[in-house]
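Since the structure comes first, as structure tokens, the remarks are kept for the end.
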Amino acid sequence: IMARYGICKLSVVPMRKEMSHESELVSELLFNDVYEVTDDKYGWLKIKTLYDSYEGWVRCLQHYEISEEDLNKLLTNDKYIVNELVCMYNNNVLTFGSKIFEKCENSISLRKVYDPNIMVESAIKLLDTPYRWGGKSVMGIDCSAFVQLCAKVAGYKLPRDASQQVTCGKRIDNLSESKAGDLAFFKNENNRITHVGILLSNDKIIHASGKVRIDTIDSKGIFNKELKSYTHELAVIRRMS
């Protein structure tokens, strides 16, 4: 069977867990994200993104088919990435981290070498972005998409979920040895990694929880001043390099 491919031609397209609008949002496609179609039924397509091999269902109505030849051209093209919150491009409102194949205002070349300073700058641009489970845009983002997009702009390719991201980079044993741009991962009561944020220093973290916010962190975890309590228990720190 011939492989089928698609490209996202809309600003943002929801990826669902099952073939239904009521189904959980697992992630979102951003403009020019490319994917493989792995199943097709009842007006829905099961897709696998080429960037991070993430799977979910999208509506056929939001699918734009491309040939393998076109796909290969796109993959070898120069790529630019939107590094402002939003930008207008050919009548589309593009959100931070979207990819385009030509230089335009508010975009930078996709970096080949990781720069932790850009990771931190990107994170601060997204301050106060509302939290949304499965979200990847400035209208709503979850903790791991926030980190993945900042890393993408900074030149590091991370997987989609915190539980996958924790396998990247190298372990830093102590918060006191951490640097700005390091990732801190947090666990639930079953020791599963359920949250991630970007360290701004060894006592401040930026993360998506309710919204993208800056909180204090110590060896126990994240302390929320408004709630006067710890909200996330620290598991491990990793350095992308």
Side-chain angles (χ1 to χ4, degrees), residues 7-8 10-13 15 27-35 49-54 74-89 92-132 134-162 164-166 168-169 178-185 196-201 204-208 211-214 238-241:
I7 187 168
C8 178
L10 301 168
S11 306
V12 183
V13 166
M15 287 174 68
S27 192
E28 291 177 315
L29 293 172
L30 300 184
F31 189 73
N32 278 341
D33 278 352
V34 283
Y35 51 87
T49 59
L50 295 191
Y51 183 76
D52 55 14
S53 301
Y54 214 70
L74 290 178
L75 294 178
T76 53
N77 269 7
D78 285 348
K79 293 173 194 66
Y80 299 89
I81 196 152
V82 174
N83 73 330
E84 288 306 325
L85 291 183
V86 286
C87 85
M88 282 303 293
Y89 176 81
N92 283 290
V93 180
L94 301 194
T95 172
F96 178 87
S98 302
K99 210 168 42 244
I100 42 181
F101 298 108
E102 58 182 351
K103 180 87 182 93
C104 83
E105 231 185 341
N106 304 332
S107 74
I108 54 171
S109 291
L110 192 58
R111 293 182 61 83
K112 306 275 193 289
V113 181
Y114 173 63
D115 183 342
N117 297 326
I118 295 182
M119 182 86 161
V120 169
E121 273 169 37
S122 299
I124 293 195
K125 279 182 187 169
L126 291 169
L127 210 50
D128 290 330
T129 298
Y131 179 89
R132 178 166 56 163
K136 264 189 116 158
S137 84
V138 296
M139 294 302 162
I141 203 164
D142 65 26
C143 68
S144 54
F146 165 64
V147 170
Q148 186 192 41
L149 286 181
C150 292
K152 184 179 174 187
V153 173
Y156 195 96
K157 190 170 172 177
L158 278 178
R160 173 68 177 83
D161 290 342
Q164 304 167 309
Q165 292 170 355
V166 74
C168 300
S178 68
K179 291 183 185 156
D182 288 351
L183 302 187
F185 292 89
V196 60
I198 301 167
L199 290 170
L200 298 176
S201 64
K204 289 268 185 291
I205 185 166
I206 184 166
H207 64 126
K211 63 177 183 179
V212 175
R213 51 182 294 130
I214 295 174
R238 309 284 298 189
R239 180 166 299 157
M240 309 302 121
S241 49

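In this chain, residues are counted from 1 in sequence order.
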### Query
Side-chain contact, heavy-atom cut-off 4.5 Å: T95 with L30?
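Heavy-atom side-chain distance check passes, below 4.5 Å.
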### Query
Going by heavy atoms in the side chains, are M88 and V93 under 4.5 Å from each other?
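Yes, their side chains come closer than 4.5 Å.
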My understanding is that only residues two or more places apart in sequence, or in another chain, count here; which of them pass side chain to side chain contact (heavy atoms under 4.5 Å, CB included) with [X]?
X    : answer
N32  : I7, K9, K99, I100, F101
A145 : K136, I141, D142, R160
S201 : D203, K204
N92  : S11, F31, L94

### Query
Which residues satisfy the salt bridge (Lys or Arg N to Asp or Glu O under 4.0 Å) test with R213, sequence neighbours excluded?
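If we apply the salt bridge (Lys or Arg N to Asp or Glu O under 4.0 Å) test to R213, skipping adjacent residues, the hits are D215, E226.
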Let me check something: any side-chain donor-acceptor pairs from residues 125-132 under 3.5 Å, sequence neighbours excluded? List them with distances.
| residue | atom | partner | partner atom | Å |
| --- | --- | --- | --- | --- |
| K125 | NZ | N83 | O | 2.7 |
| D128 | OD1 | K211 | NZ | 3.3 |
| T129 | OG1 | L126 | O | 2.7 |
| R132 | NH2 | E28 | OE2 | 2.9 |

### For F146, ring pair (Phe, Tyr, Trp, His ring centres under 6.0 Å) partners two or more places apart
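F146: no ring pair (Phe, Tyr, Trp, His ring centres under 6.0 Å) contacts found.
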Which residues share a side chain to side chain donor-acceptor pair (under 3.5 Å) with [X], sequence neighbours left out:
X    : value
Y51  : none
D161 : Y54
D182 : R239

### Query
With sequence neighbours left out, which residue pairs that include part of residues 100-111 fulfil the salt bridge (Lys or Arg N to Asp or Glu O under 4.0 Å) condition?
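Of all non-adjacent pairs touching residues 100-111, none passes salt bridge (Lys or Arg N to Asp or Glu O under 4.0 Å).
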### Task
List the steps, then state whether side-chain contact (heavy atoms from CB on, under 4.5 Å) holds for N106 with Y89.
CA-CA 10 Å; N106 304 332; Y89 176 81; over 6 Å; no
